Amino acid sequence: MRSFALAPLAAACLTLAAQAALADATPESLDKVVVTGNPLKSQVLAQPSDSLSGDQLVLTRAANLGDTLQGLAGVSATNFGPNASRPSIRGLDGDRVRILNNSGASVDASNLSFDHGVAIDPLVIDKVEVLRGAAALLYGGNAVGGVVNTLDNRIPRTLIDGLSGAAEVRLGGASNDRSGAVVLDGGSGRPNAGWGWHADLSARDAGDQRAPRFSSPTDDGSESRTTVRNSATHNHSAALGGSVFFQGGYAGVSVDDFRTTYGTTVEDAAKIKMKRQRVATAGEWNSDDGPVRRLSWQLSRNKYEHSEIEDGQVGTTFKSTGTDGRFELTHAPVGGVHGVVGVQFESLDFSALGEEAFVPSTNTRNTGLFVLEQYRVGDLQLSAGARHEQVRVHSDGDTDTSDGRFGSPQQRRFSPTSLALSGVYGLAGGWSVSANLNRTQRAPAYYELYANGLHLATDAFERGDTTLGLERSRGADFGVKWEGERSHVHMNVYETRFSNYIALQANGQSVINPDNGNELPVYVFQGVPARLRGVELEGRWQATAMLALLGQFDAVRGENTQTGEPLPRLAPRRAMLGLEATQGPWSARVEWRLAARQDRVDAFDRPTAGYGTVNASLARQLKLGELDGLWYLRLTNLGNKLAYNATAVPTIRDLSPQPGRSVMTGVQVRF
């Protein structure tokens, strides 16, 4: 479905908006319960977390997952152009940030390279949750930086007797976006004997992103531009799912298909054509008595493929086939202690075939056992847990190549173990304090072990190290919260020390690119001692019944403790000041976002200038009979400020500045 299919949907939605414009409505309430990393359904988590849902998600949603979340405290985005942007949490990205779909693995190749997009369409998700800091206990060592979990209703978990759904259309923005989605849910019967179904469809068509006038590097020097070259995109997705409901639980299955074609920006005529198909099943059974109180399971099978196309010819094809399974058992309280034990297994078969393949075909197998126990005494809640994994990473070597760069087939085995201890203590007046201590271990990813070739996306020759050991870290996080009726303040300080941080660093050598004769630096994966520390502050003060003041600040500092050199791609100090107003069905927001100059960079990077941008939005709740909805207008970068993202790799940074002044409007109708 492309833009031609969106016109009838747009007309219907805008007609309904016009009919409902004079109707009374009240703002939609937001569900703040966080489920990610919370199998025991605690009301308060010791680990810092955020969630976006409801109208807040509608007004924040961007074209990709990274840009949707980068306004949250401690979360930035890798921004390899407007179409490939992965979340970066507390200075960590790539394989250290776990991206999930309904708590299961979302298989793609976005952790392998910055120009590979995440295979999730933000238009069809109901909620997205972010855990900041190590979540390795429940999700594995590659969640040492945090977890991003997108939630949808593709496997219905609650019975709906009848029909409900939503339709949304969006127009405008810096890329002249034309996108829309339809989500339908239905069912019949009673909660202990019924069935439910789900269907969704989405599409997006966007052109090259507009930006303030900037100087774009070319092979012959530079040129003045007001658009980001080769940044257009077309994507569409569809899904079907269903569940049966029985006494105490449900069991369901879903299938979905996501496809996109987008320009890579770093090259004039190169495009990526991506597709991912996913089959998933999940279920849960609950009991009010007996030694076992809850059993839950989920299993997914993912097939991912993307082809890199230049001048109409396929250069390299990346394929990943992955299976992810998880089983959890919650036991009854024993002496005041209740908890969950579980097992998780993952398999990933990866191949890259073509002239630009810099990683051999590999297969990875991972099995993890975990336990999490909680104990409450008065206002103090304590949690402790452990996870142990068995990981095998096998390389096929030169099976698919003839130049000998990947060597003979080889295999590495790892046994990482992670431990965590946390506590939350409730104080009077809505105050609480929390502390987290963790020790995590991560097995090296297949590309960190076996890469050996030109990586054109990063404009470098990347080389893995087959002798790498476990990445080891110890971390501490301390938080203070105050929650009022409509106001709050959250603050966290943290530090993580790595005894063996697997970094991609230049070694001073260079190679010649045979295609154009350019000299490229050699980057190698190597283990170094490192430290990351930072602070996050976020608050809201309801000054009057109509007006609220908003504020946010975060900062992260990281360095190689052996050499004192800064770690790469760290976000600068960032701040936000905002004002939010509501009057009846109307709401408005204006915010000033600031980023300091980032001059703490490694020897092969360069400083990024600071900037300040002003954004605004206007929204109106709609009501017509049994239907309700939301019309919105978003104004971005009102001052048309030229800004560059310090967390993007240097290869892309000068080619793709942040979006310029733009206007987007949209309407979502719910029934």
Side-chain angles (χ1 to χ4, degrees), residues 33-42 45-47 49 98-107 129 131 133-144 146-151 155 157 248-253 280-288 290-302 322-334 337-348 364-376 381-392 414-422 436 438-443:
V33 177
V34 175
V35 300
T36 307
N38 190 20
L40 298 176
K41 306 185 187 303
S42 301
L45 284 179
Q47 185 169 0
S49 61
R98 184 80 153 145
I99 295 182
L100 307 174
N101 182 214
N102 295 315
S103 299
S106 175
V107 173
E129 298 181 340
L131 293 185
L137 181 64
L138 291 177
Y139 300 107
N142 53 353
V144 62
V147 171
V148 175
N149 190 14
T150 61
L151 302 168
I155 296 179
R157 289 161 172 77
Y250 71 93
V253 65
T281 181
E284 184 175 290
W285 172 80
N286 295 275
S287 175
D288 294 330
V292 176
R293 297 300 172 85
R294 182 177 69 96
L295 293 173
S296 68
W297 72 91
Q298 60 185 46
L299 177 68
S300 66
R301 178 72 169 175
N302 300 263
T323 301
D324 173 78
R326 187 181 185 90
F327 179 83
E328 292 182 0
L329 180 153
T330 302
H331 65 78
V334 178
V337 176
H338 69 296
V340 59
V341 295
V343 59
Q344 181 178 1
F345 61 90
E346 299 179 55
S347 69
L348 177 67
T364 304
R365 302 291 182 266
N366 185 333
T367 302
L369 299 172
F370 59 89
V371 57
L372 174 67
E373 300 291 335
Q374 286 185 353
Y375 178 73
R376 176 180 290 276
Q381 176 181 288
L382 296 173
S383 301
R387 180 187 181 98
H388 180 73
E389 298 176 80
Q390 292 291 329
V391 183
R392 178 178 64 83
F414 304 91
S415 299
T417 299
S418 298
L419 305 171
L421 177 66
S422 63
N436 292 271
N438 60 76
R439 190 202 79 166
T440 64
Q441 295 181 342
R442 179 180 74 91

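Keep in mind the model is a prediction, meaning the values are calculated, not measured. Counting begins at 1 with the first residue of the sequence.
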Subject >> Backbone of E346 reached by a side-chain donor or acceptor of D324 within 3.5 Å >> reply: no

**OP:** Indicate the atoms forming the closest heavy-atom contact of A136 with S418, along with that distance.
**Re:** CB-OG, 3.8 Å

Original post:
Distance-only, no hydrogens or angles: does the Y375 side chain make a donor-acceptor pair with backbone N or O of A384 under 3.5 Å?
Top reply: no

Subject >> side-chain contact (heavy atoms from CB on, under 4.5 Å), paired with L138, selected from R98, Q344, R326 >> reply: R326

Original post:
Just checking, is any N or O donor in the side chain of E389 or N366 under 3.5 Å from an acceptor N or O on the other one?
Top reply: yes

Subject >> pair I155-N102: side-chain heavy atoms closer than 4.5 Å >> reply: no

Original post:
Between atom CG of L40 and atom CZ of R293, what is the distance when rounded to the nearest 0.5 Å?
Top reply: 12.5 Å

Original post:
Counting N and O atoms only, with roles assigned by atom type, does the side chain of T150 sit under 3.5 Å from a partner on the main chain of L100, one being a donor and the other an acceptor?
Top reply: yes

**OP:** State, to 0.1 Å, how close G37 and L45 come at their nearest heavy-atom pair, and which atoms those are.
**Re:** O-CD2, 4.1 Å

Subject >> Side-chain donor or acceptor of Q441 paired with backbone N/O of T417 under 3.5 Å >> reply: yes

Original post:
Within a strict 4.5 Å, meaning less than it, do heavy atoms of the L299 and T323 side chains meet?
Top reply: yes

Original post:
A46 and N436: which non-hydrogen atoms are nearest, and at how many Å?
Top reply: O-ND2, 3.0 Å

Subject >> From CG (L419) to OG1 (T440), nearest 0.5 Å >> reply: 10.0 Å

Subject >> Under 3.5 Å: donor-acceptor pair, side chain of H331, backbone of G339 >> reply: yes

Original post:
Looking at S383 and L372, what are the two nearest heavy atoms and their distance?
Top reply: CB-CD1, 4.3 Å

Subject >> Separation between OG1 of T281 and CZ of R301, rounded to the nearest 0.5 Å >> reply: 15.0 Å

**OP:** Given side-chain contact (heavy atoms from CB on, under 4.5 Å), test L137 with N438 step by step and report yes or no.
**Re:** CA-CA 9 Å; L137 181 64; N438 60 76; over 6 Å; no

**OP:** State, without any angle test, whether S296 and R294 hold a side-chain donor-acceptor pair at a distance under 3.5 Å.
**Re:** yes

Original post:
Do the non-hydrogen side-chain atoms of L329 and V292 ever get within less than 4.5 Å of each other?
Top reply: yes

Original post:
Does Q298 use its side chain to pair, donor to acceptor, with the backbone of S103 at less than 3.5 Å?
Top reply: yes

Original post:
Is E328 close to F370 at the side-chain level, that is, under 4.5 Å between some pair of heavy atoms?
Top reply: yes

Original post:
Do P39 and T330 touch side chain to side chain, with heavy atoms closer than 4.5 Å?
Top reply: no

Original post:
For V35, does its backbone N or O pair with a side-chain atom of E129 as donor and acceptor, under 3.5 Å?
Top reply: yes

**OP:** Kindly give the heavy-atom pair with the smallest separation between W297 and Y250, and that separation in Å.
**Re:** CH2-O, 3.9 Å

Subject >> Closest contact, heavy atoms only, G290 versus A332 >> reply: O-CB, 3.4 Å

**OP:** Report yes if some heavy atom in the side chain of H388 is under 4.5 Å from a heavy atom in the side chain of S415; otherwise report no.
**Re:** yes

Original post:
Is the backbone N or O of G322 less than 3.5 Å from a side-chain atom of S347, with the two atoms forming a donor-acceptor pair by type?
Top reply: no

Original post:
Looking at OG of S287 and CG of L295, how far apart are the two atoms once the value is rounded to the nearest 0.5 Å?
Top reply: 9.5 Å

Original post:
About how many Å separate CG of L131 and CD of Q47, when rounded to the nearest 0.5 Å?
Top reply: 4.5 Å

